[in-house]
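Remember, it's a predicted structure, so these values are computed and weren't measured experimentally.
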Amino acid sequence: QQFTMEELEAISQSVTTKGLWSQELEYVTLQGNIFWGNIAVKRVPVAGKLMTLVRVTDISDRKRAEQEIIQNRDLREAIFNDLADALFLVDPETLLTIDCNQKAVELFEVKNKADLIGIAGHTLQRYQFTLEELAAIDQDMETNGVWSREIEYVTRLGEVFWGNIAAKPIVVAGRAMNLVRVTDISKNKQAEAKIQQTTKQLEAANRELEAFAYSVSHDLRAPLRAIDGFSKALLEDYGEQFDEEAQDYFDRIHRAVERMGDLIDDLLRLSRVSRAEVQHSRVNLSRLVQEIATNLQESEPSRQVEFAIVPEAIVYADTNLMRVVLENLLQNAWKFTSHHPTAHIEFGILEENNGETSGETPQETPGEKRYFIRDDGAGFDMAYATMLFGVFQRLHNTNEFPGTGIGLATVQRVIHRHGGRVWAEGVVEAGATIYFTLPN
């Protein structure tokens with residue numbers, strides 16, 4: 001934009017009076033490009049003659065930088081006011097609020113910023129800091145660069161809420177101050193209180209469970225032993241006086257006592273699994289499976305069962321608890337293939353996206369390994385799959401396949417305690433597969 005005659009006369013007057021005139025202007029090159037220049041005009045003698053020297057310095061880079069600073073300041077102000085947390089700028093000497101954002105106005109239930117500016121932030125707390133505590137906070141910020149704590153606050157309307165306060169020293173426009181952020185964590189604290197209450201209830205329930213387990217272990221076994229002992233004594237002393245039907249009744253009593261004893265043992269085992277502390281270490285699942293398979297084959301050497309075991313399946317878990325899992329799963333596979341002349345039991349691993357189905361669930365974690373025990377035995381109807389892991393839930397008659405219905409409940413308890421998942425697939429008379437995962 002060119003100067004008018006009046007502006008040129010004013011420039012000449014300034015040069016004559018002050019010896020120099022300067023201004024920042026936009027220029028256009030002959031090629032039509034626009035740039036910012038700083039023009040300076042002054043009188044200088046040249047060969048005995050007074051002349052006007054005009055200097056134009058390209059300041060385009062500086063002007064762009066200044067524009068960015070202005071835009072960034074606007075952006076910072078927008079962020080400052082739009083953040084979900086309450087923000088305060090505090091004078092480190094007086095501890096008085098210099099500025100705050102809109103969220104602070106809303107959180108502390110005041111009309112506008114003016115109600116918060118000029119007050120000491122700690123006066124908003126339910127319990128104010130002492131001078132010693134304030135000094136300790138300053139020392140903490142100086143040493144660590146930031147200070148943080150959870151504090152109860154009181155709004156101007158008297159409402160109490162929990163806030164997480166974090167403070168750190170910053171410099172704004174060459175001035176040292178503290179940036180203080182207050183986050184409303186009332187919902188978190190309520191959730192924590194609920195968790196603590198639930199934890200206490202669980203601890204009480206566990207104590208009751210321990211007392212019940214003790215009672216089961218000691219009090220119930222005594223009458224069972226008495227029933228079994230006296231029934232055997234009756235048979236030994238008066239057996240000749242009983243007919244075949246009475247003898248059968250005594251056999252049923254004996255079997256019922258044995259079954260009750262097995263139930264007690266399994267319940268105690270489930271209780272111990274639930275209470276045992278998980279000790280993580282390197283566990284070779286393949287080696288455990290091989291040991292259990294060898295024991296099963298030695299227990300019934302006449303059976304024709306082929307085991308396929310994937311090598312070196314290494315996990316980090318509790319060795320004893322994983323042995324419980326594998327014993328239950330392999331014993332089940334051994335039991336439910338017992339009616340077939342030959343059987344195949346497999347321990348393997350499915351990797352993600354390997355093309356095989358594994359009964360994926362919505363909780364599937366990308367990249368996780370899915371371990372499985374698979375057999376070609378009696379199987380089960382998938383309509384009842386959700387019942388498998390319940391205590392005392394059985395899909396087969398005890399006369400056909402003995403058991404207490406607690407084994408898979410124990411497996412699920414152990415896997416869940418490790419943070420994994422367990423599920424099953426099966427087809428009637430075509431076998432079953434139990435899958436489980438363990439966190440990496």
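The structure places OG1 of Thr437 at 12.5 Å from CD1 of Ile349, a figure rounded to the nearest 0.5 Å. Here OG1 of Thr123 is found 9.0 Å from CG of Leu96. Values are rounded to the nearest 0.5 Å. Distance check, rounded to the nearest 0.5 Å: CG of Asn188 to CD1 of Ile195 gives 9.5 Å. Of the inter-residue distances, the one linking Asn328 atom CG with Ile292 atom CD1 reads 9.0 Å to the nearest 0.5 angstrom.
Exactly one of Glu346, Arg374, Glu425 qualifies for a side-chain hydrogen bond (donor to acceptor under 3.5 Å, both in side chains) with Thr433. That residue is Arg374.
For the ring pair (Phe, Tyr, Trp, His ring centres under 6.0 Å) test, no residue two or more places apart in sequence or in another chain qualifies with Phe307. Listed by chain and number, the residues in a side-chain hydrogen bond (donor to acceptor under 3.5 Å, both in side chains) with Arg303 are Thr337 (sequence neighbours excluded). A search for ring pair (Phe, Tyr, Trp, His ring centres under 6.0 Å) contacts involving His418 returns His280, not counting sequence neighbours. Every ring pair (Phe, Tyr, Trp, His ring centres under 6.0 Å) that Phe35 has, sequence neighbours left out, goes to Tyr27.
Using a cutoff of 4.0 Å between basic side-chain nitrogens and carboxylate oxygens, Arg252 and Asp248 are scored as salt-bridged. Between Asp99 and Lys113 a salt bridge is recorded (basic side-chain N to carboxylate O distance below 4.0 Å).
Residues Lys103 and Asp85 fail the side-chain proximity criterion, which asks for heavy atoms closer than 4.5 Å. Under the 4.5 Å side-chain criterion, counting only non-hydrogen atoms from C-beta, Met322 is in contact with Leu438. Under the 4.5 Å side-chain criterion, counting only non-hydrogen atoms from C-beta, Leu89 is in contact with Ile170. Residues Arg156 and Asp115 fail the side-chain proximity criterion, which asks for heavy atoms closer than 4.5 Å.
Around the CD atom of Glu300, the shell of radius 6.0 Å holds more than 12 heavy atoms that belong to other residues, nucleotides or ligands. Phe242 CZ: more than 12 foreign heavy atoms inside a 6.0 Å radius.
A donor-acceptor pair shorter than 3.5 Å cannot be found between the side chains of Asn38 and Thr57.
Pairs engaging residues 238-247 under the side chain to side chain donor-acceptor pair (under 3.5 Å) rule: Glu245-Tyr249 [sequence neighbours left out]. Residues in residues 135-188 take part in these ring pair (Phe, Tyr, Trp, His ring centres under 6.0 Å) pairs, two or more places apart or across chains: Phe108-Tyr153, Phe108-Phe161, Phe129-Trp147, Tyr153-Phe161.
Looking at every heavy atom in both residues, Ser148 comes nearest to Asn164 through OG-OD1, 3.6 Å.
Remark: the backbone N or O of Ser286 is paired with a side-chain donor or acceptor of Asn284 at under 3.5 angstrom.
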